[in-house]
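What follows is a single structure, written as structure tokens, with notes after it.
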There are 2 protein chains.
Amino acid sequence: MDAIDRKILAELQVQGRISTTDLAARVGLTVAPTHRRIRDLEAAGAIVGYRAVIDPKALGLNFEALVFVTMKQEDRATLLGFEEAAAAVPNILQAYRLFGDPDFLLRVRTADLESYTRLQDDVLALLPGVQRFTSTLVMKDVVGDRPYPTG
Amino acid sequence: MDAIDRKILAELQVQGRISTTDLAARVGLTVAPTHRRIRDLEAAGAIVGYRAVIDPKALGLNFEALVFVTMKQEDRATLLGFEEAAAAVPNILQAYRLFGDPDFLLRVRTADLESYTRLQDDVLALLPGVQRFTSTLVMKDVVGDRPYPTG
DNA sequence: ATTGAAATAAACGGTAA
DNA sequence: TTACCGTTTATTTCAAT
């Protein structure tokens, strides 16, 4: 993982579909070694995959909320049960387990406030082991998901 | 934005580098209309771009924290000043403006706890308009950034 | 550097809402 | 009529050896 690899990762995080030819020019190599490095980075798991970045509004997902979850107990089984159930809810885009209280933070997307209300009442409230949760509405994505710093 | 477009978006969110040929087969069209749809989705802004998904550990970024920020004032200038300054910090991967208190939530990645300490003291603490902030360490990414539901 | 595959773009006719 | 598909053709670009 030298400086060139980091530059490759930086470029691919911004332009996931850049051709090997163009990428080679940007990192100052020829095509062959560039291609080899990409293959190695993929094989090593440094590059997990590629994805299109979608505008959620295009899918009608205009509402975003953060949900803080506090669990009844913090034993292993309770936590794992919750994590598994949460992973099965497609509207939960991200979920973090935190140190301290609350135990989890969820990032949730729905079409609108009404869909969110339904989701909270019919799905989130039924997640196993939950003592209580607090929702906070997201007003604005100031910094939307951004590439990792490579420098 | 019909069902086929949603299917295209679903596939591209999971396999951003799938070939038009393969994608066409998956959505049940031939290459030409599939390609047209991709072009239109890109032009309409539904597809914002493409990116490689990187393992942050490969970049040595092993530490993640959430930072809740409460501002001194909530006037427009103060908030915008903070947002601009926050956007200039590469370690801030995501930033949300929230309703209520706290005013912002930041997701921050650094190499380790020491780098985070330095970042907090030397950078985050100097962001303009901040009254106080509270850090919470992330124990685990239960659900790492996941595609939007298209159904 | 070469070969084969794939992306891209345009044109044309058919078809269903 | 409008909008979309599918086929075809041609050109370009890329991957891969």
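Lettering follows sequence order; numbering is per chain, from 1.
- Look at CZ on A:Arg39: it is 11 Å from C1' on D:dA16, rounded to the nearest Å.
- Listed pair B:Thr20 / C:dA7 meets the phosphate criterion, a side-chain N or O lying under 4.0 Å from OP1 or OP2.
- Within 4.0 Å (heavy atoms only), A:Arg17 reaches no atom of the nucleic acid at all.
- At the phosphate of C:dA6, neither OP1 nor OP2 sits under 4.0 Å from any side-chain N or O atom of B:Ser19.
- When A:Leu80, A:Thr78, A:Leu79 are each tested for a side chain to side chain contact (heavy atoms under 4.5 Å, CB included) with A:Arg76, only one passes: A:Leu80.
- Between A:Asp22 atom CG and D:dA15 atom C1' the separation is 13 Å, expressed in whole Å.
- Phosphate contact (OP1/OP2 of C:dT8, side-chain N/O of B:His35, threshold under 4.0 Å): present.
- Summarising the geometry, the separation between CG on B:Leu29 and P on D:dA3 is reported as 18 Å, rounded to the nearest angstrom.
- Side-chain atoms of B:Arg97 never come within 3.5 Å of backbone atoms of A:Val142 as a donor-acceptor pair (strictly under, hydrogens ignored).
- At the heavy-atom level, B:Arg36 lies under 4.0 Å from base atoms of the strands shown.
- Remark: B:Thr21 is not in phosphate contact with C:dA6, judged by side-chain N or O atoms under 4.0 Å from OP1 or OP2.
- Spacing between atom CD1 of B:Ile4 and atom C1' of D:dC5 amounts to 9 Å, rounded to whole angstrom units.
- With values rounded to the nearest 0.5 angstrom, B:Leu113 atom CG is found 5.0 Å from B:Phe63 atom CZ.
- Across the protein-nucleic acid pair, B:Met1 atom CE and D:dA3 atom C1' stand 17 Å apart, rounded to whole Å.
- Taken to the nearest 0.5 Å, the CZ atom of A:Arg109 stands 14.5 Å off from the CD1 atom of A:Ile92.
- For the pair B:Asp40 CG and D:dA3 P, the interatomic distance rounds to 12 Å; values are reported in whole Å.
- If you measure from atom CZ of B:Arg37 to atom P of C:dT8, you get 17 Å, rounded to the nearest angstrom.
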